[in-house]
Amino acid sequence: MTATIPAADLTGRVALVTGAARGMGEAHARALAERGADVLMADLDGAELEVSAKQIAADTGRRTETVVLDVTSPDAGERVRSAIEAAFGRLDIVVHNAGIMHDWKTLAETPVENLQPYLDVNVLGPYAITRTLMPLLQAGPAGRIVFINSQWGQLPDGHSYGYMVAKAAQLGMMKALASEFVSQGVLINAVAPGAVATRMVPDEVYDIEVAAVPLGRLGQPGEIAAAVAFLASDAAGFLAGQTLAVNGGALIPSA
């Protein structure tokens, strides 16, 4: 018997997106709302977050709520859980998008303490938030977590050690979580973008990044968001512990 693969429809789902005020995070929230989800958007920048949330709500007709959040704060998990429970009473999707800029430094230029902020934002913060929110995801019929990783988490290039070490560690955490919770119906995956046209690509390396992409251009936030929406949906119901590389052909695996 052939199973019917559902479309990437998120009608009736509730999602949390961190780092949602602009760039890829805003695009993720928009993509989820366009497919029918209500969204709690979290970010440090409360003013810009409100603008983005109101625009997405106006454009999609979906409910968007906001919470000012530092993902590295000890109470981050409790803050988002309280906001979710107060606004929606349930949670189906978490998109860990909060990030920190590259520093483009070598080993000699990177003392060990410089790694800590990257680990806090990419690993320890998402771990703590996931730990707090997991009971809500387990309570629903189709819990999903999507980590926004990076092609440099898969193939570091010897610069920006804090960023690349943290992204590699995040992939290890994602796989460990996926292994534990797949049998409970919570599917956990990652999207690993290549260079995307956001503020995360400084002007001084823009041309270098474009030259490294076989497709000949940087990715657009909406292209990454489409992959996130797919992984958040029932269409990806047979995927767990996987990393979806969206990079314009920059890391095509060998046979």
*Considering all heavy atoms, the nearest Thr66-Ala53 contact*: CG2-CB, 3.4 Å
*Would you say Arg30 and Pro221 make side-chain contact, with heavy atoms under 4.5 Å?*
no
_Please find the pair of heavy atoms, one from Phe147 and one from Ile188, that lie closest to each other, and give the distance._
CE1-CG2, 3.7 Å
*Sequence neighbours excluded, which residues qualify as salt bridge (Lys or Arg N to Asp or Glu O under 4.0 Å) partners of Glu78?*
Arg81
*Roughly how far, to the nearest 0.5 Å, is the OH atom of Tyr127 from the CG atom of Leu177?*
7.5 Å
*To the nearest 0.5 Å, how far apart are OG1 in Thr130 and CE in Met174?*
12.0 Å
*Are any non-hydrogen side-chain atoms of Gln116 and Leu124 less than 4.5 angstrom apart?*
yes
*Is there a path of hydrophobic side-chain contacts, each under 4.5 Å between heavy atoms of I, L, V, M, F, W or Y residues, that connects Leu187 with Leu133?*
no
*Hey, does Asp70 have a side-chain heavy atom less than 4.5 Å from the side chain of Arg79?*
no
_Trace of the side-chain contact (heavy atoms from CB on, under 4.5 Å) decision for Asp43 with Glu48_ = CA-CA 9 Å; Asp43 200 280; Glu48 193 163 356; over 6 Å; no
*Which of these, Leu10, Thr11, Thr60, sits in a side-chain contact (heavy atoms from CB on, under 4.5 Å) with Arg35?*
Leu10
*So how far is it from Phe88 CZ to Arg63 CZ, rounded to the nearest 0.5 Å?*
5.0 Å
*For Glu34, side-chain hydrogen bond (donor to acceptor under 3.5 Å, both in side chains) partners two or more places apart*: none
_The criterion is salt bridge (Lys or Arg N to Asp or Glu O under 4.0 Å); which residues satisfy it with Asp75, sequence neighbours excluded?_
none
*Test side-chain contact (heavy atoms from CB on, under 4.5 Å) on His28 and Val39 and set out the steps.*
CA-CA 10 Å; His28 301 331; Val39 187; over 6 Å; no
_Whether the side chain of Asn189 engages the backbone of Gly241 through a donor-acceptor N/O pair (distance < 3.5 Å, no angle test) should be reported._
yes
*If every non-hydrogen atom of Ala15 is compared with every non-hydrogen atom of Leu32, which pair is closest and at what distance?*
CB-CD1, 3.7 Å
*Going hydrophobic residue to hydrophobic residue with side-chain gaps under 4.5 angstrom, can you get from Val68 over to Val94?*
no
_With a 3.5 Å distance limit and no angle check, can you tell me whether Glu223 reaches the backbone of Gln220 through a side-chain donor-acceptor pair?_
yes
*Any side-chain donor-acceptor pair under 3.5 Å between Ser52 and Gln55?*
no
*Measure the CG-CZ distance between Leu137 and Arg90 for me, rounded to the nearest 0.5 Å.*
10.5 Å
_side-chain contact (heavy atoms from CB on, under 4.5 Å) between Val14 and Leu40, intermediate numbers included_ = CA-CA 8 Å; Val14 173; Leu40 176 65; 5.9 Å; no
*Charged N-O contact under 4.0 Å between Asp234 and Arg13*: yes
*Cluster question for you: counting only ILVMFWY and a side-chain heavy-atom cut-off of under 4.5 Å, with indirect links fine, are Val51 and Met41 together?*
no
_Using only atom types and a distance under 3.5 Å, with no angle test, would you say the side chain of Lys167 pairs donor to acceptor with the backbone of Ile148?_
yes
_For the backbone of Thr106 and the side chain of Glu109, can you confirm whether one donor and one acceptor N or O come within less than 3.5 Å of each other?_
yes
*Atom CG in Leu69, atom CG in Leu44: separation rounded to 0.5 Å?*
7.0 Å
*asked:* Which residue is it: Ile93, Val246, Leu244, Val191? I am looking for the one with a side-chain contact (heavy atoms from CB on, under 4.5 Å) to Val228.
replied: Val191
*Can you tell if the side chain of Glu26 reaches within under 4.5 Å of the side chain of Ile56, non-hydrogen atoms only?*
yes
_Reported OG-to-CG distance for the pair Ser150 and Leu171, which is rounded to 0.5 angstrom_ = 9.0 Å
*asked:* Which heavy atom of Ser160 sits nearest to which heavy atom of Asp103, and what is that distance?
replied: CA-OD1, 3.1 Å
*Mark yes or no for whether Thr18, through its side chain, and Asn97, through its backbone, hold a donor-acceptor pair below 3.5 Å.*
yes
*Provide the closest heavy-atom pair for Gly194 versus Gln151 in the form atom of the first, atom of the second, distance.*
CA-OE1, 3.1 Å
*Can you tell if the side chain of His96 reaches within under 4.5 Å of the side chain of Ile145, non-hydrogen atoms only?*
yes
*How far apart are the closest heavy atoms of Val17 and Gly25, and which atoms are they?*
CG1-O, 3.7 Å
